[in-house]
Amino acid sequence: MGAGLERLTGGWRRTEVRRGREWSVQPISAASAQKEYLCPGCGLTIEPGIAHVVVWRADGVLGDAADLAARRHWHHHCWSIA
């Protein structure tokens, strides 16, 4: 497993079920949030220094590498109401 994959899949990662699919959810602390991302839930920017979650499919339908490559960064609130 590569260093980036280990970093994303370690720690407090959890699995959640939404609309019949399993998702891996990895919290990102404010200290670790160093880049800007676009939240798919609200379409607004997640600024560096803002805690958020990274979400990707956990069911492996396309394979672990493809699922991880398709991960998205969400605001906590946006993911909670998705």
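The structure displayed is predicted, hence computed values, not measured ones.
- Partners of Leu44 according to the side-chain contact (heavy atoms from CB on, under 4.5 Å) rule, which considers only residues two or more places apart in sequence or in another chain, are Cys42, His75.
- The hydrophobic cluster around Leu38 extends to none of the other residues, as no ILVMFWY side-chain heavy atom falls under 4.5 Å of it.
- Summarising the geometry, atom CG belonging to Asp64 is positioned 8.5 Å from atom OG belonging to Ser24; distances are rounded to the nearest 0.5 Å.
- For the atom pair Leu68 CG and Gln26 CD, the distance stands at 10.5 Å (nearest 0.5 Å).
- Looking at residues two or more places apart in sequence or on another chain, you find a side-chain hydrogen bond (donor to acceptor under 3.5 Å, both in side chains) between Arg18 and Glu16.
- The other members of the hydrophobic cluster of Val25, by chain and number, are Trp23, Val53, Val55, Trp74, Trp79 (side-chain heavy atoms under 4.5 Å, ILVMFWY only).
- By the neighbour-count criterion of 12 heavy atoms within 6.0 Å, atom CZ of Arg14 is densely surrounded, having more than that number from other residues, nucleotides or ligands.
- Counting only residues at least two apart or on different chains, the side chain to side chain donor-acceptor pair (under 3.5 Å) pairs with a member in residues 32-55 are Ser29-Ser32, His52-His73.
- Screening residues 52-62 for salt bridge (charged side-chain N to carboxylate O under 4.0 Å, His left out), with sequence neighbours left out, gives Arg57-Asp59.
- Contact detail for Ser80 and His77: the closest heavy-atom pair is OG-O, 2.7 Å.
- Atoms CD1 and NE2, on Ile46 and His76 in that order, are 9.0 Å from each other to the nearest 0.5 Å.
- Nearest heavy atoms, Gly49 versus Ala30: O-CB, 3.2 Å.
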